[in-house]
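For reference, the structure discussed in these notes is given below.
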Protein chains: 2
Amino acid sequence: MTSVSDQPSTARARVTIREVAREAGVGIKTVSRVVNGEPNVAAATAERVRETIARLQWEPDAHASNLRRTNTRTRTLGLLLGSVDNPFAATIHRAIEDVAIHRDVAVFASSLDEDPAREIAAVEAFVRRKVDGLILTCAAGSQSYLAEVVPPEVPIVFIDREPADFTADTVRSDNLGGSTLATRHLLAQGHRRIAGLFDRSAIWTSQQRREGFARAMAEYGVAPDQLDAMSDLTTPQAAEATVLELLGSPTAPTAIFSAQNRITVGAVHALRKLGRQHDVALVGFDDVELADLIDPGITVVAQRPAAMGQAAAERLFEQLDARRAGDPLPAVDAVLPVDLVCRGSGEIRPSAPTD
Amino acid sequence: MTSVSDQPSTARARVTIREVAREAGVGIKTVSRVVNGEPNVAAATAERVRETIARLQWEPDAHASNLRRTNTRTRTLGLLLGSVDNPFAATIHRAIEDVAIHRDVAVFASSLDEDPAREIAAVEAFVRRKVDGLILTCAAGSQSYLAEVVPPEVPIVFIDREPADFTADTVRSDNLGGSTLATRHLLAQGHRRIAGLFDRSAIWTSQQRREGFARAMAEYGVAPDQLDAMSDLTTPQAAEATVLELLGSPTAPTAIFSAQNRITVGAVHALRKLGRQHDVALVGFDDVELADLIDPGITVVAQRPAAMGQAAAERLFEQLDARRAGDPLPAVDAVLPVDLVCRGSGEIRPSAPTD
DNA sequence: AGTCTTTGTGACAACGGTGTCATCCGGTAG
DNA sequence: CTACCGGATGACACCGTTGTCACAAAGACT
């Protein structure tokens with residue numbers, strides 16, 4: 001029953017600041033000064049220390065350093081996304097990484113799956129790891145818990161969705177305007193029976209998009225209670241089934257507004273199955289890959305996920321700098337525009353069968 | 001010019017293990033025992049300590065803990081991917097996260113962009129942050145640098161691509177078999193002039209797929225020097241341009257094997273532009289989203305990225321456990337099968353125009 | 001009853017850095 | 001010539017936790 005300490009011979013004693021100091025013939029504090037760029041070190045001394053560090057291949061131990069530091073910076077950032085494998089979220093992720101890498105900041109990424117419990121657990125895990133800042137997509141109904149869980153010096157930027165019961169910077173798309181735009185586009189083609197397909201109604205973006213849909217319909221005189229709005233479609237399969245059912249009904253819609261990318265995919269599948277893709281109009285919220293290769297091309301309201309990610313990361317670092325300087329910046333709600341991309345499916349007119 | 005220490009009144013003195021101990025009327029070591037699940041604590045004592053921890057909302061300081069621990073575990077893992085926004089990589093990422101979360105391990109994800117320098121920089125950044133293990137997709141020609149940079153107790157699992165000059169666990173697809181399969185599929189339809197489109201030849205998977213392509217062609221008696229194999233297609237645009245050019249030539253191919261998902265996208269675009277999507281056969285390596293909605297559906301050799309991610313993560317944790325127990329496991333090269341998914345584009349026969 | 005284990009527990013050092021402060025020293029003003 | 005000043009530097013405590021070890025109390029065995 002051997003004890004812990006029988007490491008293989010590879011046990012090259014790890015080099016610490018003390019050895020560097022001894023080797024360079026200076027005090028440990030001077031080494032510390034050099035690596036941290038503190039003033040009051042003679043140029044010659046600094047050079048000698050740097051040379052020794054390079055020779056011994058010493059890397060300061062982040063844990064020791066962070067333990068002592070009051071102004072703890074781990075050069076680490078927590079990112080919470082719907083799911084890292086959703087293309088929309090992945091693009092955001094990439095954009096954030098590109099900003100962070102310039103600061104030598106590493107990104108913890110975590111998936112949410114629209115689960116409020118997971119949101120809180122993820123944030124707690126980030127905080128436990130002492131991240132410098134947080135970029136969050138939220139699922140919980142209220143973000144008030146953040147006040148207790150996240151230390152005041154850790155900045156938070158919300159992305160994609162607005163928080164509730166908590167004030168912080170937010171970067172998001174113009175969901176209301178975008179869905180109004182999409183719906184108006186269909187209405188302008190002459191459609192009146194338009195089905196709106198939405199994600200979980202607990203999700204903020206879903207609510208916003210539904211609201212935009214309803215407003216546009218109202219502009220054209222469609223009463224709220226006549227809206228064919230289906231919510232809580234959480235999978236492409238659910239969306240597909242819903243569309244199949246809707247189109248089989250006597251009051252079938254002539255157009256569909258699908259308010260999320262996976263719902264759009266489901267809707268396209270359903271239209272295909274029925275062979276009605278040239279017959280029923282479709283506008284989706286959020287772009288889908290290869291949307292231009294499908295026949296007809298899918299008309300969408302495209303968001304700008306890369307810009308969102310970049311804006312969120314930059315804002316986070318601004319807050320970080322400002323707080324270190326002593327005065328946090330006031331929270332800003334940044335709204336990014338969306339773009340209507342016409343590719344064919346949204347330009348189909350009612351009761352105009354395939355030519 | 002105020003100094004650092006003028007924090008706002010919110011300076012709620014952070015609670016440490018000492019306060020918990022005092023409050024619970026025990027020694028600090030006992031508190032430590034309780035939180036770490038060490039044996040030899042009386043049930044009653046443990047309960048009292050747990051209650052106190054909950055009441056004071058104490059969270060152990062990870063830095064202090066990691067600093068002291070010999071067997072340092074940060075519950076952190078470094079993941080290096082081609083790019084976090086590539087769907088293939090994103091799926092892997094998600095699968096790894098799902099395994100890691102059960103162990104309360106957080107994942108640092110970083111993108112590679114096929115840049116050897118970035119590979120090294122990313123690994124160094126991970127090591128500096130004392131990750132427990134690494135899952136790497138590699139771009140550099142040699143991974144020998146890992147021996148110097150990564151401490152021997154940190155396990156490494158390679159994913160998607162085999163390393164060079166370094167031995168460690170690897171989880172990857174059967175690239176050779178998959179591309180042979182794809183090429184044979186086209187050959188079996190009667191095609192002989194098949195264009196093979198490949199990614200950067202420096203990338204291991206690209207080489208493997210090219211080799212598989214060449215082997216299958218050789219089986220059917222096509223000499224290597226007659227192969228229409230184009231390498232170093234790094235963007236969909238480059239692939240598109242290449243296909244446009246190839247199909248304009250007098251010896252135009254009747255089929256295309258596109259060895260990577262972005263190349264497939266480019267090839268499909270080109271075929272569309274020429275209106276020959278029903279005329280020229282196409283098999284891609286790696287699945288593409290919505291491939292079944294395009295007409296014709298794109299036939300692909302699909303990898304199993306989720307299974308790869310899961311296998312890699314599980315292997316990493318096995319190594320971790322084994323090393324903590326004292327004996328590292330021998331390196332294993334796990335090869336996952338690929339699946340030929342026929343959707344139409346690969347079943348087009350030569351000189352058979354659209355019906 | 002006396003000795004040996006086992007179990008529960010806390011005192012204290014150690015981890016590898018950074019913050020504070022004292023000290024040394026050459027230059028400059030009085 | 002002396003007092004003073006600021007730059008350069010190192011000694012040492014300290015950050016919050018875990019590892020080691022000593023020790024008391026309670027059983028287990030002879």
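Chain identifiers are assigned alphabetically (A, B, ...) following the order of the sequence lines, protein sequences preceding nucleic acid strands; residue numbering begins at 1 within each chain. Everything quoted here is computed from the prediction, not taken from an experiment.
Listed pair B:T45 / C:dT9 meets the phosphate criterion, a side-chain N or O lying under 4.0 Å from OP1 or OP2. B:W58 has no side-chain polar atom (N or O) that falls below the 4.0 Å cut-off from OP1 or OP2 of D:dG16.
Classification of A:D132 and A:R103 as a salt-bridged pair fails, no side-chain N sitting under 4.0 Å from a carboxylate O. The pair B:R94-A:D113 meets the salt-bridge criterion, with a side-chain N (NZ, NE, NH1 or NH2) lying under 4.0 Å from an Asp/Glu carboxylate O. In summary, B:R128 and B:E124 do not engage in a salt bridge, as defined by a charged side-chain N under 4.0 Å from a carboxylate O. A salt bridge between A:R68 and B:D61 is absent, with no side-chain N of the basic residue lying under 4.0 Å from a carboxylate O of the acidic one. Remark: A:D333 does not engage A:R315 in a salt bridge, criterion side-chain N to carboxylate O under 4.0 Å.
We find that CD of A:E59 is positioned 14 Å from C1' of C:dG17, with the value rounded to whole Å. The interatomic distance linking B:N40 (CG) with C:dG10 (P) rounds to 13 Å, in whole Å. For the pair A:R69 CZ and D:dC15 C1', the interatomic distance rounds to 12 Å; values are reported in whole Å. Rounded to whole angstrom, the span from the CD atom of A:E38 across to the P atom of C:dG19 amounts to 6 Å. Atom CD in B:E19 sits roughly 14 Å away from atom C1' in D:dT17 (whole-Å rounding). Here C:dG16 presents its P atom at 15 Å from CG of A:L56, a figure rounded to the nearest Å.
Side-chain N or O atoms of B:R129 include one that pairs as donor or acceptor with a backbone N or O of A:R75 at under 3.5 Å. Judged by distance alone, with hydrogens and angles left aside, the side-chain atoms of B:T170 form a donor-acceptor pair with the main-chain N or O of B:A168 at under 3.5 Å.
Looking at heavy atoms from C-beta onward, A:V149 lies out of side-chain contact with A:F126 at the 4.5 angstrom threshold.
Distance check: A:F108 CZ to B:L77 CG gives 10.0 Å after rounding to the nearest 0.5 Å.
At a threshold of 4.0 angstrom between heavy atoms, the contacts of B:D61 are confined to the sugar-phosphate backbone, with no base atom among them.
Listed nucleotides: C:dG17, D:dT18, C:dT9. Nearest to the side chain of B:I17: D:dT18. Counting only heavy atoms from C-beta on, A:R18 has its side chain closest to C:dG17 among D:dT17, C:dG17, D:dA8. Taking every side-chain heavy atom of A:R68 into account, C:dT18 is the closest of D:dG7, C:dT18, C:dT7. If you check D:dT9, D:dC15, C:dG8 against the side chain of A:L67, the one that comes closest is D:dC15.
Residues from residues 24-37 of chain A that place a heavy atom under 4.0 Å from any atom of DNA chain D, listed by number: A:G25, A:V26, A:G27, A:I28, A:K29, A:T30, A:R33.
An angle of 40°, rounded to 10°, separates the two end axes of the helix from C:dA1-D:dT30 to C:dG30-D:dC1, each defined over five pairs.
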